[in-house]
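I have placed the structure first, in the form of structure tokens, so that the comments after it can refer back to it.
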Amino acid sequence: MTWAEHYMKEPAEPRRTHNLNMGLATLLLALFLICHGGVSEILQSFNDVPHCQNFFHQGQEPIRLDSPSTARICQRLQGVYYYATLYHRDARVPIYSAYILEKSTTSRPDLSSSSWYLEPMLAELPQENMLQPSHSALQPELARVTESQAVNDDYRNSGLTRGHLNPSGHHSSESQLSTFTYTNMAPQQGNFNSGSWNNYETFLKDSVLPSCSQTHVITGVILSGFNPEEGVWLRGRVNVPTFFWSAFCCVRGDGSRRAEGRLGSNVAPYEVLTKSVPQLESVLSQEYGQNVLLFPGGCQ
């Protein structure tokens, strides 16, 4: 049975639980954040920041994708919020990024991968905006920041691309620039990134966007493991996902809705399956060991 045939079936019993895969240090950090409210834009709930809440359909974030190993990031550049990310601290990849699909009117920013943004708040630094590695506020604490998240050196000469979960081509101007942060990246096979997954991203902007008044997109990954002893990792630090997934909720001018999902393999031959949102939720529920809802506000 191929992976595609397996995931076209309704899943059986959940086969693993993400919440059990965390170290004592991560648990203690999570308890600290609960007690002290976190730092800056690392949130207990995306509802804590109304601007960030808006990146989800009906203002409701997905249910049961978080764990004590994850951090909610309201992605902010130069004082403006652009999208929301649930980041896995141990795997050093985003579990998902959520955003509103926009018409792109500008070309991809000419930004060297060594200048892509980092998230100071993951290292508990009192900086509200994502910053480039060369920024004076990061330089004295670069080792601490590097420990807290993926950086350019993790990907360098790895043979894998820096795969956007929230792609720059779905935005314009500063919105586009904000997607170039390592908290929005996961290791992706090049042929998958530029091939079948790119076809899906093009479908969203060319076919879905023109027919919708507003389109909310959530794109995420399924990890290949929870520590360097299981799954595939870059330099023993960054998990290489087995699958990329995505779901969109399109609200038309007459109030009607359209929703679909995709599940793509990060392993050759890089198939991408079209799935209903409930089917995709079933796959994720199997992986997470509990019932996942992507659009709790109702968009099927």
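For Gln58, the side-chain contact (heavy atoms from CB on, under 4.5 Å) criterion is met by Gln60, Arg257, not counting sequence neighbours. Listed by chain and number, the residues in a side chain to side chain donor-acceptor pair (under 3.5 Å) with Ser136 amount to none (sequence neighbours excluded). In this view, Asp110 satisfies the side-chain contact (heavy atoms from CB on, under 4.5 Å) rule with no residue, not counting sequence neighbours. Legend: residues meeting side chain to side chain donor-acceptor pair (under 3.5 Å) with Arg162, ordered by chain and number and at least two apart, are Asn152, Tyr182. Listed by chain and number, the residues in a side chain to side chain donor-acceptor pair (under 3.5 Å) with Arg92 are Glu147 (sequence neighbours excluded). For Tyr99, the ring pair (Phe, Tyr, Trp, His ring centres under 6.0 Å) partners are His170, His171, not counting sequence neighbours. Here Tyr83 pairs with nothing under the ring pair (Phe, Tyr, Trp, His ring centres under 6.0 Å) rule; sequence neighbours left out. For the side chain to side chain donor-acceptor pair (under 3.5 Å) test, no residue two or more places apart in sequence or in another chain qualifies with Ser178. Under the rule for a side-chain contact (heavy atoms from CB on, under 4.5 Å), the partners of Ala123 that lie at least two apart in sequence or sit in another chain are Leu125, Arg144, Val145, Ser148. Listed by chain and residue number, Gln176, Leu177, Phe180 satisfy the side-chain contact (heavy atoms from CB on, under 4.5 Å) test with Pro109 (two or more places apart in sequence, or in another chain).
The minimum heavy-atom distance linking Gln300 with Pro278 is given by the pair OE1-CG, 2.9 Å. Gly225 and Trp233 get closest at one heavy-atom pair: O-CZ2, 3.7 Å. The two atoms that bring Gly79 and Asn129 nearest to each other are N-OD1, 2.8 Å, heavy atoms only. Taking all atoms of both residues into account, the shortest heavy-atom contact from Ser104 to Gly169 is CB-O, 3.3 Å. Of all the heavy atoms in Phe243 and Leu263, the pair that sits closest is CB-CD1, 4.0 Å. Annotation for Gly261 and Leu280: closest pair CA-CD2, 4.1 Å, computed over non-hydrogen atoms.
Summarising the geometry, atom CD belonging to Gln139 is positioned 11.0 Å from atom CG belonging to Leu131; distances are rounded to the nearest 0.5 Å. Once rounded to the nearest 0.5 Å, the distance linking CZ of Arg89 with OG1 of Thr70 reads 8.5 Å. The structure places OG of Ser194 at 9.0 Å from CD of Gln188, a figure rounded to the nearest 0.5 Å. Between the CD atom in Gln127 and the CD atom in Glu141 there is a gap of 10.0 Å [rounded to 0.5 Å]. With values rounded to the nearest 0.5 angstrom, Phe55 atom CZ is found 10.0 Å from Phe46 atom CZ. Here the OG1-CH2 distance, from Thr179 to Trp116, works out to 8.0 Å after rounding to the nearest 0.5 Å.
For Thr146 (side chain) and Leu142 (main-chain N/O), a donor-acceptor pair under 3.5 Å exists by modelled atom type. Without hydrogens or angle criteria, Arg64 side chain to Asn291 main chain gives a donor-acceptor distance under 3.5 Å. A donor-acceptor pair under 3.5 Å is formed between the side chain of Glu281 and the backbone N or O of Leu294. Remark: side-chain polar atoms of Glu260 are not paired, donor with acceptor, to backbone N or O of Ser276 under 3.5 angstrom. No side-chain donor-acceptor contact under 3.5 Å links Asn239 to the backbone of Leu223. With Gln149 contributing its side chain and Glu119 its backbone, the two residues share a donor-acceptor pair below 3.5 Å. Without hydrogens or angle criteria, Trp245 side chain to Val221 main chain gives a donor-acceptor distance under 3.5 Å. Counting only distance, with no hydrogens or angles, the side chain of Asn266 and the backbone of Gln189 share a donor-acceptor pair below 3.5 Å. Using a distance-only test at 3.5 Å, with no hydrogens or angles considered, no donor-acceptor pair links the side chain of Ser168 to the main chain of Arg108. With hydrogens and angles disregarded, no donor-acceptor distance shorter than 3.5 Å links the side chain of Thr215 to the backbone of Cys250.
The ring of Trp197 has its center no closer than 6.0 angstrom to the ring center of His164.
Grouping the Ile, Leu, Val, Met, Phe, Trp and Tyr side chains by contacts below 4.5 angstrom, directly or via other members, places Ile100 apart from Val251.
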>> Using the rule given for ring-ring contact (aromatic ring centres under 6.0 Å, His included), can you reason through Phe295 versus Phe56, listing the C-alpha separation, both sets of side-chain angles and the distance that settles it, and then say yes or no?
In response: CA-CA 8 Å; Phe295 298 119; Phe56 301 95; 9.3 Å; no
> Run the salt bridge (charged side-chain N to carboxylate O under 4.0 Å, His left out) check on Arg76 and Glu128 step by step: do they pass?
Replying inline: CA-CA 7 Å; Arg76 173 172 161 151; Glu128 295 184 347; 2.7 Å; yes
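None of Thr183, Thr85, Thr181 except one satisfies the side-chain hydrogen bond (donor to acceptor under 3.5 Å, both in side chains) rule with Ser97; the exception is Thr85. The only option from Asn184, Leu165, Asn166 that meets the side-chain contact (heavy atoms from CB on, under 4.5 Å) definition with Thr219 turns out to be Leu165. Of the candidates Val49, Asn47, Leu43, Ser45 forms a side-chain contact (heavy atoms from CB on, under 4.5 Å) with just one, namely Asn47.
Residue Leu293 is found in a hydrophobic cluster whose other members, listed by chain and number, are Ile63; membership requires side-chain heavy atoms under 4.5 Å apart, directly or through intermediates.
Note on Asp154 versus Arg235: no salt bridge recorded, every NZ/NE/NH1/NH2 to OD/OE distance being 4.0 Å or above.
There is a side-chain donor-acceptor pair under 3.5 Å between Thr105 and Ser172. No donor-acceptor contact under 3.5 angstrom links the side chains of Ser175 and Ser173, judged on distance only.
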Enumerate donor-acceptor pairs with a distance under 3.5 Å from any side-chain N or O in residues 200-212 to protein atoms, sequence neighbours excluded.
residue : atom : partner : partner atom : Å
Tyr200  : OH   : Ser246  : OG           : 2.8
Thr202  : OG1  : Asn198  : O            : 2.9
Ser211  : OG   : Val208  : O            : 3.0

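Using the six-membered ring where Trp is involved, His57 and His216 have ring planes that are perpendicular, over 60° apart on the 30 and 60° scheme.
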